[in-house]
Amino acid sequence: MATAETLPLNAEAFRNDFPILSTVLHGDQPLAYLDNAATTQRPRQVIDKVVEVYERHYANVHRGIHWLSDQSTDLFEEAREKVRQFINAGSAPEVIFTTGCTMAINLVARSWGDANVRAGDEIIITEMEHHSNSVPWHQLAERTGAVVRHVPITEEGLLDLDAFDAMVSERTRLVAITAVSNVLGTINPVQEIVRRAHDAGAVALVDAAQSVPHEKTDVQAIDADFVAFSGHKMMGPSGVGVLYGRLALLEAMPPFLGGGSMIRRVTLDGFEPADPPAKFEAGTPPIVPAIGLGAAIDYLNKIGLDKIHEYERFLTTQAHAVLEEVGGVRFLGPAPEKKAGIVSFTLDGIHAHDVAQILDRHGVAIRAGHHCAMPLHKRLGIAASNRASFYFYNTPGEVETFAEAVRATKRIFRRR
Ligand code: PMP
């Protein structure tokens with residue numbers, strides 16, 4: 001574990017690349033952006049790439065027999081190849097560009113789900129899922145008569161794997177789990193869960209929205225059938241996400257959206273779908289966001305995901321320590337060594353929205369609310385919480401500022 005003396009990276013060295021990070025708000029408060037689990041910021045390299053494409057290379061892809069369209073298509077397909085390498089997918093057609101993680105999961109629910117799930121089948125998710133990885137399965141259950149079951153969490157905020165084992169059976173058609181909880185920060189043993197799902201003959205989907213941007217991901221090692229994530233949580237433009245799918249499954253699945261690009265041929269009587277990935281990329285895809293995501297991947301590769309992961313764990317440990325000194329803080333989720341760069345908490349007797357509002361006066365941006373995980377908050381017996389979440393450009397100094405602002409919040413409420 002890194003210490004302040006042996007940090008794996010120097011955040012200050014990157015901050016100049018991010019114009020927005022030098023923002024000063026409310027007159028004289030430097031921005032401490034600690035809402036990275038909601039979305040991250042973009043470096044100049046990604047912004048410049050987006051501008052460059054619009055200024056010099058932009059046309060629709062896979063359509064024109066003209067010079068610009070060729071350029072745009074090449075850049076778009078290069079971005080797909082960058083994603084493929086980044087997650088170690090076996091082949092480029094296994095990488096489907098969507099509008100985001102939510103769309104990727106809905107694609108699986110509509111396409112694979114409608115074709116394969118029947119009344120009485122079981123879909124296993126967990127109590128810690130983001131609504132993106134629960135609502136599509138409830139909708140699928142409503143359409144098909146399947147049943148959604150939830151792996152409970154332990155008091156510590158980990159998945160109860162014994163309960164999972166007891167739940168998996170020949171009725172299980174799908175196991176859909178998050179790699180990292182966007183509230184608890186818990187890092188789940190996805191490889192092990194996928195193995196157990198496969199042993200039971202089920203298909204496995206991993207919601208990797210909170211893991212792919214922060215730690216090395218090898219989809220072949222995880223062995224999941226589907227992996228979904230969003231570009232905007234890893235410095236890419238908003239409006240692009242990825243569905244990784246095992247090729248044999250993608251080939252067997254019917255298309256979800258119909259339109260241009262996803263067909264081999266259309267007649268007056270019907271259509272014949274194209275092969276993946278085009279089969280699942282109906283209409284004009286997120287061309288420039290995908291190319292921008294490629295630039296974000298270049299940036300991440302230069303730093304190295306291992307260093308980023310280790311550094312964020314240092315910030316998480318530091319945040320726990322300084323908040324403990326403040327006192328009156330209830331942490332959600334496990335000890336720092338079992339979680340990613342996400343620290344959620346409640347402050348004794350102070351509403352989460354009040355905390356976030358006062359922190360904002362100090363320039364500190366954190367999230368307040370249920371973080372799209374209402375069932376989890378119900379399980380924890382609270383309506384809302386606060387969440388600070390880190391990326392490699394955050395500094396130990398910002399964590400100190402954050403703790404100071406929490407201390408100030410307590411002082412204000414003590415006076416009332
Ligand atoms: N899953 C998890 C774990 C998330 O944290 C998020 C975003 N908060 C999503 C899914 C949905 O991502 P998006 O809104 O980009 O589709």
ask   = Which one of Phe390, Tyr311, Tyr391, Phe229 satisfies the ring-ring contact (aromatic ring centres under 6.0 Å, His included) criterion with His214?
value = Tyr391

inquiry  = Is it the case that the side chain of Lys339 and the backbone of Ile187 share a donor-acceptor pair, with hydrogens and angles ignored and the cut-off at 3.5 Å?
reply    = no

For Phe18, the option from Gln41, Gln45, Arg44 that meets side-chain contact (heavy atoms from CB on, under 4.5 Å) = Gln41

Sub-4.5 Å side-chain heavy-atom contact between Pro237 and Val46 = yes

query = Which distance, rounded to the nearest 0.5 Å, do you find between the CG of Asn386 and the CD1 of Ile366?
reply = 4.0 Å

ask   = Side-chain contact, heavy-atom cut-off 4.5 Å: Asn394 with Asn36?
value = yes

remark   = Exactly one of Met262, Met103, Arg110 clears side-chain contact (heavy atoms from CB on, under 4.5 Å) with Leu257, and that residue is Met103

ask   = Are the side chain of Arg313 and the backbone of Glu337 linked by a donor-acceptor contact shorter than 3.5 Å?
value = yes

task = For the residue pair Ile153 and Leu184, establish whether any side-chain heavy-atom pair is separated by less than 4.5 Å.
result = yes

ask   = Are Phe256 and Asp114 side-chain neighbours, meaning at least one heavy-atom pair lies under 4.5 Å?
value = no

inquiry  = Students often mix this up, so state it plainly: with edges at 30° and 60°, are the rings of Tyr58 and Tyr54 parallel, tilted or perpendicular?
reply    = tilted

remark   = Interatomic distance, OG@Ser134 vs CD@Glu127, rounded to 0.5 Å, equals 12.0 Å

request  = Measure up the Phe76 and Phe97 rings against each other and bin them: parallel (under 30°), tilted (30 to 60°), perpendicular (over 60°).
outcome  = tilted

inquiry  = Salt bridge check, Glu404 against Arg361: does any charged N sit closer than 4.0 Å to a carboxylate O?
reply    = no

query = Is there a side chain to side chain donor-acceptor pair (under 3.5 Å) between Glu398 and Thr401 once you walk through the steps?
reply = CA-CA 5 Å; Glu398 286 180 315; Thr401 305; over 6 Å; no

inquiry  = I'd like to know if Asp223 and Arg246 make a salt bridge, using a cut-off of under 4.0 Å between side-chain N and carboxylate O.
reply    = yes

task = Considering non-hydrogen atoms only, spot the tightest contact between Pro396 and Gln318 and give its length.
result = O-NE2, 3.1 Å

message = Is the shortest side-chain heavy-atom distance between Thr409 and Asp354 below 4.5 Å?
response = no

inquiry  = As a quick check of understanding, evaluate salt bridge (charged side-chain N to carboxylate O under 4.0 Å, His left out) for Glu129 and Arg149, giving each step before the final call.
reply    = CA-CA 12 Å; Glu129 296 310 315; Arg149 304 189 66 183; over 6 Å; no

inquiry  = Checking side-chain polar atoms at under 3.5 Å, does Thr178 have a donor or acceptor matched by the opposite partner on His130?
reply    = no

query = Do Glu310 and Lys307 meet the salt-bridge criterion of a basic N to acidic O distance under 4.0 Å?
reply = no

inquiry  = Are Leu205 and Trp112 packed together at the side-chain level, in the sense that at least one heavy-atom pair is separated by less than 4.5 angstrom?
reply    = no

message = Check whether Lys410 reaches the backbone of Gly327 with its side chain - one donor and one acceptor, N or O, closer than 3.5 Å.
response = yes

ask   = What pair of heavy atoms forms the shortest contact from Ala179 to Val190, and how long is it?
value = CA-CG1, 3.6 Å

Just distance, no hydrogens or angles: give the donor-acceptor pairs under 3.5 Å from side chains in residues 288-302, sequence neighbours left out.
residue : atom : partner : partner atom : Å
Asp298  : OD2  : Lys82   : NZ           : 2.9
Tyr299  : OH   : Asp17   : OD2          : 2.6
Asn301  : ND2  : Ile297  : O            : 3.4

ask   = Out of curiosity, Arg84 CZ to Glu81 CD, how far, rounded to the nearest 0.5 Å?
value = 4.0 Å

message = Testing the basics here: between Lys279 and Pro273, what is the closest heavy-atom pair and its distance to 0.1 Å?
response = CG-CB, 4.1 Å

inquiry  = Is the shortest side-chain heavy-atom distance between Ile193 and Phe164 below 4.5 Å?
reply    = yes

message = Any heavy-atom pair between the side chains of His370 and His131 that's under 4.5 Å?
response = yes

task = State whether a side-chain donor-acceptor pair under 3.5 Å links His57 with Asp74.
result = no

